[in-house]
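Letters A, B, ... are given to chains in the order of the sequence lines, protein chains preceding strands, and every chain is numbered from 1.
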There are 2 protein chains.
Amino acid sequence: MGPPRDLRLIAKRLLSFTRLVQGVNVSAVTDPLVWEHVQPAAARRLLTGAIDAFAERGYQATTTRDIAARAGMSPAALYVHYPSKERLLFEISLYGHNAALEVLRSAASPDRETPSERLRSLVAAFTAWHARHHTIARVVQYELAALSPEHLAEVATIRRAISSQIEQVLADGVADGSFTVTDLPGTTLAVLSMSIDVARWYTPHRGDPEALGALYADLAHRMVQA
Amino acid sequence: MGPPRDLRLIAKRLLSFTRLVQGVNVSAVTDPLVWEHVQPAAARRLLTGAIDAFAERGYQATTTRDIAARAGMSPAALYVHYPSKERLLFEISLYGHNAALEVLRSAASPDRETPSERLRSLVAAFTAWHARHHTIARVVQYELAALSPEHLAEVATIRRAISSQIEQVLADGVADGSFTVTDLPGTTLAVLSMSIDVARWYTPHRGDPEALGALYADLAHRMVQA
DNA sequence: GTCTATATTTCGATAGAC
DNA sequence: GTCTATCGAAATATAGAC
């Protein structure tokens, strides 16, 4: 046990995840989220069990025993696959942030030509993602404080890229006159807030994620329309 | 210590809080939040220390030793004033929810005659409250899962009253034709989400709470304007 | 890779002196 | 009402057999 073995394990998982994101099968990463790139199956059961537990009770209230039990194994077996509880959180947070960013990048594809079309597409996709994947979205949005400083810095980079997607389309709309925005950073935050907060309150009985995305796309558009 | 003594203590605090809310000095309860009604001073130091700790690290990550240290006393002294860590959270959550509701009720006063004026006033006040009091707002919005079922039920009642304030003004605007809203519950949630999410990201360097409130009032109004 | 068993630490809460 | 001292439970993580 020790860093060398752990690092090989993590690197392998990140590599296969990167391959998945970069072209081979983007939709599998984005919607619905699948975890086939996490190998072996026991590591995947631990990861998905941890997502459910962290989303339900929070990171600090979740015990490694609880996670192991959800994966159908003893508490000790967890440490064969992950060196610590925090590392499990980091991998979940990293995957989740990358998936959310990828959803936005797909939604902002250049075939949507006007800022209005792009904004509606971005907000619809981002909102629907937070609803459909509200368990991992809860971990992504509300468990940042439990990450180590180094791991937090890594996901913060992805978070800035996510904000930029919204800020850029708003700036484009202001530039071509289709949007009226008095406070660009403030409005960016407000648009992001609407979607992010979905992770806090959404449950499946609240309705279809796509319908919610369509509603929020409309509301966001009205917020900035010239 | 057993129930009888504890109940007397809590009842006394709630009573003086109620007096404060119901007329004598509403502004002191709402903005800024003061805690003079929590007596003795040691209980108040514990309460404000707990607010800071819960907001910074979360309820589960906060130890009773940490709270006691912030109040300048030994771990054991906490239990003279509060029977458990959860009870401390409950009192904070209850006070915070009541303060937020009171802010909304003041903002919706009948001298604001049109639904547009009332909506702007409500959103401005609710948003500014979440910014100015972002520490207690974080506890109010993100630590509900740590409450006992009975205590959660009690604050849930206040939360419904908060939602109703927004939903009612939107319904009024639809009725008199000044608003166009296709999905009333969905739009209510979206408006609430913008303000609530402020508690997640706000820090004082992000600007003046009142300015943020004014911006959000405008954005919310544009969301529903006919 | 999984198990049983356990080391070690830290937690919420209590006992009892003053 | 505050302290020192501590209990008992539960936490993360490890040791070593299989």
Side-chain angles (χ1 to χ4, degrees), chain A residues 1-10 12-13 38-50 53-54 56-92 143 145-148 151, chain B residues 1-10 12-13 38-50 53-54 56-92 143 145-148 151:
Chain A
M1 206 53 52
R5 189 252 172 96
D6 167 42
L7 284 180
R8 276 204 309 279
L9 214 92
I10 305 300
K12 195 172 145 197
R13 264 183 229 135
V38 181
Q39 291 290 346
R44 186 165 61 244
R45 290 202 313 273
L46 286 164
L47 198 97
T48 56
F54 292 163
E56 272 175 36
R57 315 145 72 88
Y59 174 83
Q60 301 283 355
T62 299
T63 68
T64 52
R65 280 171 166 75
D66 181 18
I67 297 168
R70 286 174 194 252
M73 58 184 80
S74 76
L78 185 150
Y79 293 91
V80 174
H81 303 281
Y82 300 93
S84 69
K85 188 177 127 179
E86 191 274 342
R87 190 80 196 210
L88 204 34
L89 173 66
F90 171 56
E91 296 206 24
I92 292 167
E143 300 298 340
L147 290 169
S148 74
H151 290 162
Chain B
M1 206 49 54
R5 188 249 171 107
D6 166 43
L7 284 180
R8 277 203 310 279
L9 214 95
I10 306 300
K12 195 173 146 195
R13 264 184 228 132
V38 180
Q39 292 292 344
R44 186 165 59 246
R45 290 202 313 274
L46 286 164
L47 197 97
T48 56
F54 293 162
E56 272 175 36
R57 314 145 73 89
Y59 174 82
Q60 300 283 354
T62 299
T63 67
T64 52
R65 281 168 172 79
D66 180 18
I67 297 168
R70 286 174 194 252
M73 58 183 80
S74 75
L78 185 150
Y79 293 91
V80 173
H81 303 282
Y82 300 93
S84 70
K85 188 177 130 180
E86 191 274 343
R87 190 80 196 209
L88 204 33
L89 173 66
F90 171 57
E91 297 207 21
I92 292 166
E143 301 296 342
L147 291 168
S148 73
H151 291 162

Rounded to whole angstroms, how far apart are [atom1] on [X] and [atom2] on [N]?
X        : N       : atom1 : atom2 : result
Tyr79(B) : dA15(C) : OH    : C1'   : 14 Å
Arg45(A) : dT2(C)  : CZ    : C1'   : 11 Å
His81(A) : dA13(D) : NE2   : C1'   : 15 Å
Leu78(A) : dT4(C)  : CG    : P     : 15 Å
Arg57(B) : dT10(C) : CZ    : P     : 13 Å
Ile67(B) : dG12(C) : CD1   : C1'   : 11 Å
Tyr82(B) : dG1(D)  : OH    : C1'   : 14 Å
Arg87(A) : dA13(D) : CZ    : P     : 13 Å

Legend entry - Pair Ile92(B)-Glu143(B), side chain to side chain contact (heavy atoms under 4.5 Å, CB included): steps then yes or no: CA-CA 10 Å; Ile92(B) 292 166; Glu143(B) 301 296 342; over 6 Å; no
Legend entry - Partners passing side-chain contact (heavy atoms from CB on, under 4.5 Å) against Ala145(B) (at least two apart in sequence or in another chain): none
Legend entry - Smallest separation among heavy atoms of Ala146(B) and Tyr59(B), with atom names: CB-CD2, 3.3 Å
Legend entry - Shortest non-hydrogen separation from Ala50(A) to Leu88(A) and the atoms involved: CB-CG, 3.9 Å
Legend entry - Distance in Å, Asp66(B) CG paired with Phe54(B) CZ, rounded so as to fall on 0.5 Å steps: 9.0 Å
Inset, instruction - To the nearest 0.5 angstrom, please state how far the NZ atom of Lys85(B) sits from the CD1 atom of Ile67(B). - result: 6.5 Å
Collect all protein-nucleotide pairs involving nucleotides 3-8 of chain D in which both atoms are nitrogen or oxygen and the distance is under 3.5 Å.
residue: dC3(D); atom: OP2; partner: Ser74(B); partner atom: N; Å: 2.5
residue: dC3(D); atom: OP2; partner: Ser74(B); partner atom: OG; Å: 2.9

